[in-house]
Structure formats: structure tokens, C-alpha cells
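One structure, pasted below without further comment.
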Amino acid sequence: MLSEYRTFVTRAVREPSTVGAVLPSSPVLAREMAAIVPSTERPVVVELGPGTGALSGAIAERVPEGGRHIAVEVDPGMCEHLRSTAPWLEVVRGDAMRLGELLAENGVDSVDAVVSGLPWSLFTAESQRRILREVGSVLAPGGGFTTIAYAHALGMSGARRFRSRLGDAFDEVITTRTVWRNVPPARTYVCRRPVVA
């Protein structure tokens, strides 16, 4: 755990434009996020922005044998960390704005769940739209997408705009209860049924 925090802080200081949280997600929040992952059959699960893997362990606990857990990470230092600490994880270095292409290169055309730890507030409106479009294009029928919403920021204009974008991109968007045992406290958005633009 100490190694994870050290790696996280180091990368956040070196690459502040790609690391948006102050600390890795807590185990409680990680389990909340992972609840969207199917625990039967052989699902394909994509994790966007896994960072040091704070969510990865909770996802792995739900993915049954024969399923795939693919982590898409843009930061080379985080990729290196994940490959050494989570050898069971399929780490793909790349930008979530190219999600469909990255998955195709790895033999995947659709996924059952997408779990996102991406720092949405650091992205432009167009980048947010492109990533959400990519997520919607790879989700299988019945698949779901979940991402973090920090409680202290929910009333801010940027957070409200992002919530509106989610409503444009998905037919169903549910905001979960606040997880107080996280720094900072957070909720999650659970999204289903992508809207085809």
C-alpha cells in the first residue's frame, strides 16, 4: 500500500495534467465502482485510467475465471508500475479517446463493463465527448459504464456540465450514495444504454 501511495504521489507531481485525484481511491469506493462488473460467464471489463491500480484489485475480485480485465492507461510510469505489481492485468498504454482502436488491436470488439478513474475535470469538453462516444461505441448490449463524481464538486459548473454530457451520452444515468470513506468523499455515476449520435 505504501508503494502504491508513493508511486501515485510521484506521478501526480511529475504529470499533474494526467493525474486528477489527491489520493488513490479507497477500498470502499473501489468496491462501489466494481459493482458494475459482471461476476458470471466470461465478461470483458475495461478500466480507464487505472493509475496505480486502486480500483483494479476490486475489479479483479469480481471478474470470473475466463474473463478479461484490460486497463487503458496513458501515463508510461503508471503502466510500468501496473505491469510490475499486477501481472494478471492486461495493461494497454494509450489514450481513452482511441478506445475502440486500442481494443481492436487487442482482439476486442465489445465489452461488458467500463470502469473509469479518469480525471474528467482536466479534460476539455470535446475530449470528454469523444471519450464518452468511444465508451458508448464499445459497450455490449446490457453493458454498463461507471465513473467517479467527487461530492464537494457536484455543485460546480464544470461538474454539472459533465453530468449533462453523461445524460446526452446515455439513456440511463444513476447517481449512487456518497462514499464518505474516501478522500475526498465521492459518489459514482452508473450509466447504461448508450445513445447513438
Side-chain angles (χ1 to χ4, degrees), residues 11-12 14-21 25 33-34 36-37 43-56 59 68-79 82 89-150 153-154 156-176 186-197:
R11 299 312 298 176
R14 288 184 183 167
E15 298 289 340
S17 63
T18 61
V19 181
S25 299
M33 297 280 289
I36 201 167
V37 174
V44 177
V45 180
V46 171
E47 184 179 359
L48 299 179
T52 57
L55 299 176
S56 303
I59 294 170
R68 291 181 72 179
H69 180 180
I70 302 167
V72 176
E73 174 60 58
V74 72
D75 185 292
M78 296 290 197
C79 288
L82 289 168
L89 191 59
E90 293 182 55
V91 179
V92 175
R93 183 178 171 202
D95 193 314
M97 285 190 282
R98 297 178 47 240
L99 182 60
E101 181 184 338
L102 293 171
L103 292 175
E105 290 170 0
N106 287 273
V108 175
D109 57 5
S110 70
V111 303
D112 301 289
V114 178
V115 179
S116 171
L118 292 175
W120 296 104
S121 63
L122 298 181
F123 300 150
T124 65
E126 180 56 26
S127 294
Q128 290 177 357
R129 277 191 286 271
R130 285 180 60 188
I131 294 169
L132 292 175
R133 198 163 40 238
E134 287 288 309
V135 169
S137 73
V138 300
L139 274 180
F145 166 68
T146 188
T147 192
I148 299 169
Y150 292 110
L154 288 174
M156 296 179 177
S157 59
R160 289 197 309 269
R161 280 193 300 271
F162 178 67
R163 172 61 182 83
S164 178
R165 278 186 200 100
L166 285 176
D168 293 338
F170 294 91
D171 179 52
E172 176 183 72
V173 181
I174 297 171
T175 306
T176 66
R187 297 177 180 178
T188 64
Y189 292 126
V190 178
C191 311
R192 297 188 186 276
R193 298 188 299 277
V195 175
V196 178

Please tell me if the side chains of L132 and L166 come closer than 4.5 Å, counting only heavy atoms from C-beta onward.
yes

Is there side-chain contact between T146 and T176, with at least one heavy-atom pair below 4.5 Å?
no

Shortest non-hydrogen pair, A125 vs R165, comes out as CB-NH2, 3.1 Å

Quick one: do R163 and T175 satisfy side-chain contact (heavy atoms from CB on, under 4.5 Å)? Show the steps, please.
CA-CA 10 Å; R163 172 61 182 83; T175 306; 4.2 Å; yes

Closest heavy-atom pair and its distance - L139, P194
CD1-CG, 4.1 Å

Minimum-distance pair of heavy atoms, taken over all atoms of A113 and V37:
CB-CA, 4.3 Å

Closest contact, heavy atoms only, P50 versus L82:
CG-CD1, 3.5 Å

Give the intermediate values and the outcome of side-chain contact (heavy atoms from CB on, under 4.5 Å) for residues R93 and V74.
CA-CA 5 Å; R93 183 178 171 202; V74 72; 5.9 Å; no

With the side chain counted from C-beta on, respond yes when I131 and E134 share a heavy-atom pair under 4.5 Å apart, and no when they do not.
no

Nearest heavy-atom neighbours spanning F145 and S116:
CE1-CB, 3.7 Å

Output, in order, the C-alpha distance, side-chain angles, deciding distance and verdict of side-chain contact (heavy atoms from CB on, under 4.5 Å) for R192 and I36.
CA-CA 10 Å; R192 297 188 186 276; I36 201 167; 3.8 Å; yes

Would you say the side-chain atoms of N106 pair up with the backbone N or O of V108, donor to acceptor, closer than 3.5 Å?
no

Close side-chain approach of L48 to V135, heavy-atom, < 4.5 Å:
yes

Other residues, nucleotides and ligands only: do more than 12 of their heavy atoms fall within 6.0 Å of CZ on R68?
yes

Of the non-hydrogen atoms in P43 and D112, which two are nearest, and what is the gap between them?
CA-OD2, 3.1 Å

Has E47 got a side-chain atom pairing as donor or acceptor with V115's backbone, closer than 3.5 angstrom?
no

Spatial distance of atom CH2 (W120) from atom OG1 (T147) [nearest 0.5 Å]
5.5 Å

I want to check something: taking the side chain as every heavy atom from C-beta on, are V138 and V46 in contact at a cut-off of under 4.5 Å?
no

For the OG atom of S127 and the CG atom of L122, what is their distance to the nearest 0.5 Å?
10.5 Å

Stepwise side-chain contact (heavy atoms from CB on, under 4.5 Å) check, V44 with L103
CA-CA 11 Å; V44 177; L103 292 175; 6.0 Å; no

Just how far is it from atom CG of L99 to atom CZ of R133, taken to the nearest 0.5 Å?
13.0 Å

Would you give the length of the straight line joining atom CD1 of I148 to atom OG of S25, rounded to the nearest 0.5 angstrom?
3.5 Å

Rounded to the nearest 0.5 Å, how far does OH of Y189 lie from CZ of F162?
7.5 Å

Measuring from R161:CZ to M156:CE, what's the distance to the nearest 0.5 Å?
12.0 Å

